[in-house]
Amino acid sequence: MEIRKSTIRDIDEIMNCISSARKLMRESGNTVQWTNGYPSKELIVQSINSGYNYVITEDEQIAATFDFIIDADPNYSYIENGNWLNDEKYGVIHRLASNGKAKGVAQFCFEWCFSQFPNIRIDTHETNLPMRKVLEKLGYQECGIIYVSDGTPRLAFQKSN
């Protein structure tokens, strides 16, 4: 597998990954995350244009997509029932989505991001058990609860050197 920045030409495959990931969430009991058309095509195009969106390819075919941003996330400024591991500059991983055709993309993504910037924060919905298992396996520590822009809670995780 390889990782590269996405381009606008990738948008249809990226949206296919998002659709597949949403379907997998529903099948695993996560009925509350990625609802009401989130993440939208417009949001992904904005992310591509900002240079935050990446794709994971296998055999030159897009297998997954994610955003990786090395900057403060406003949703992470307040954390409930815990604390972040540190207050240093961090990278954030958002909107990881796979088309389901390649195995191990979450681990590959998280390890790559950590190799780029070894202080990572991420959040997920409490019902997203597959994501929580990967984060735990890779040594991410649950730090508390944050609230995303629509006001709903997410479990917050961090890994740092």
Side-chain angles (χ1 to χ4, degrees), residues 1 3 5-6 14-15 17-40 42-44 46-48 50-56 63-100 103-161:
M1 284 189 273
I3 292 178
K5 284 203 178 211
S6 59
I14 290 170
M15 296 313 294
C17 289
I18 289 168
S19 178
S20 294
R22 187 179 292 116
K23 183 175 185 263
L24 179 64
M25 285 181 192
R26 301 304 173 261
E27 290 170 356
S28 68
N30 180 353
T31 60
V32 293
Q33 193 173 3
W34 287 15
T35 58
N36 301 318
Y38 178 88
S40 68
E42 293 78 18
L43 179 63
I44 300 302
Q46 180 183 4
S47 180
I48 291 168
S50 297
Y52 299 143
N53 190 263
Y54 293 80
V55 291
I56 298 173
T65 183
F66 65 95
D67 279 10
F68 183 53
I69 305 162
I70 301 172
D71 201 1
D73 186 314
N75 293 326
Y76 293 177
S77 61
Y78 173 75
I79 188 165
E80 236 176 44
N81 300 330
N83 293 293
W84 293 111
L85 299 179
N86 60 53
D87 292 323
E88 298 169 16
K89 187 174 181 179
Y90 58 89
V92 181
I93 304 166
H94 283 308
R95 294 182 283 278
L96 174 62
S98 167
N99 63 12
K103 299 294 180 203
V105 293
Q107 181 170 340
F108 186 76
C109 169
F110 295 156
E111 289 175 347
W112 182 86
C113 290
F114 195 75
S115 76
Q116 303 300 303
F117 200 87
N119 190 30
I120 303 289
R121 294 180 182 181
I122 189 169
D123 66 85
T124 193
H125 197 277
E126 68 179 340
T127 61
N128 193 339
L129 298 180
M131 180 64 72
R132 290 175 63 186
K133 285 180 184 178
V134 170
L135 291 168
E136 183 179 308
K137 174 185 171 185
L138 296 177
Y140 283 77
Q141 295 179 41
E142 189 173 328
C143 296
I145 298 170
I146 60 98
Y147 293 86
V148 294
S149 56
D150 69 3
T152 58
R154 298 289 186 273
L155 297 178
F157 296 83
Q158 186 173 7
K159 182 176 180 178
S160 185
N161 262 352

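Below, all heavy atoms of this structure are taken into account, side chains as well, without hydrogens, waters or symmetry copies. Keep in mind the model is a prediction, meaning the values are calculated, not measured.
In this structure, Phe108 CZ and Ile3 CD1 are separated by 4.5 Å, a value rounded to the nearest 0.5 Å. For the atom pair Arg22 CZ and Arg26 CZ, the distance stands at 6.5 Å (nearest 0.5 Å). Atom CD1 of Ile70 is separated from atom CD of Gln116 by 7.5 Å, given to the nearest 0.5 angstrom. Here the CZ atom belonging to Phe66 is positioned 14.5 Å from the OH atom belonging to Tyr52, to the nearest 0.5 angstrom. Expressed to the nearest 0.5 Å, how far CG of Asp123 lies from CD1 of Ile145 amounts to 11.5 Å. With values rounded to the nearest 0.5 angstrom, Met1 atom CE is found 11.0 Å from Lys103 atom NZ.
Within a 6.0 Å radius of CD in Glu142, more than 12 heavy atoms belonging to other residues, nucleotides or ligands are found. Sparse packing is recorded around CG of Asp87, with 12 or fewer heavy atoms of other residues, nucleotides or ligands lying under 6.0 Å away.
Residues Ile120 and Phe110 form no side-chain contact, since every pair of their non-hydrogen atoms from C-beta on lies 4.5 Å or further apart. A heavy-atom distance below 4.5 Å is not found between the side chains of Ser28 and Leu129. Between Ile44 and Met15, the closest side-chain pair of non-hydrogen atoms falls below 4.5 Å. No side-chain heavy atom of Gln158 sits under 4.5 Å from any side-chain heavy atom of Gln141. You'll find the side chain of Arg154 stays beyond 4.5 Å of the side chain of Asn75, heavy atoms only.
Put simply, the side chain of Asn119 gets close to the backbone of Lys89: a donor and an acceptor are under 3.5 Å apart. Side chain of Tyr147 to main chain of Tyr78: no donor-acceptor pair is present (N/O by atom type, distance under 3.5 Å, no hydrogens or angles). Under the 3.5 Å distance criterion, the side-chain polar atoms of Lys159 are matched with a main-chain donor or acceptor of Leu138. Looking at Tyr54, its side chain never comes within 3.5 Å of a backbone N or O of Cys109 through a donor-acceptor pair. Of the possible donor and acceptor atoms, none in the side chain of Trp112 sits under 3.5 Å from a partner among the backbone N and O of Ile56. Without hydrogens or angle criteria, Ser6 side chain to Asn53 main chain gives a donor-acceptor distance under 3.5 Å.
Nearest approach of Ala21 to Ala97, heavy atoms of both residues: CB-CB, 3.6 Å. Residue His125 comes nearest to Pro153 through the heavy atom pair CD2-O, 4.1 Å, listed as atom of the first residue, atom of the second, then distance. Smallest separation of non-hydrogen atoms from Val134 and Ala106: CG1-CB, 4.0 Å. Among all heavy-atom pairs drawn from Gly29 and Thr127, the shortest one is O-CB, 4.3 Å. Between Ser20 and Ser98, the closest heavy-atom pair is CB-O, 3.4 Å.
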Begin from the C-alpha positions of Lys23 and Glu27 and carry the test side chain to side chain contact (heavy atoms under 4.5 Å, CB included) through to its verdict.
CA-CA 6 Å; Lys23 183 175 185 263; Glu27 290 170 356; 3.0 Å; yes

Determine, step by step, whether Ile48 and Ile14 satisfy the side chain to side chain contact (heavy atoms under 4.5 Å, CB included) criterion, reporting the C-alpha distance in whole Å, the side-chain angles of both residues, the deciding distance to 0.1 Å, and the verdict.
CA-CA 10 Å; Ile48 291 168; Ile14 290 170; 3.9 Å; yes

Verdict with supporting geometry, Arg132 and Glu136, salt bridge (charged side-chain N to carboxylate O under 4.0 Å, His left out):
CA-CA 6 Å; Arg132 290 175 63 186; Glu136 183 179 308; over 6 Å; no

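In this structure, Arg121 forms a cation-pi arrangement with Tyr90, its terminal cationic atom sitting closer than 6.0 Å to the ring centre and no more than 45° off the ring axis.
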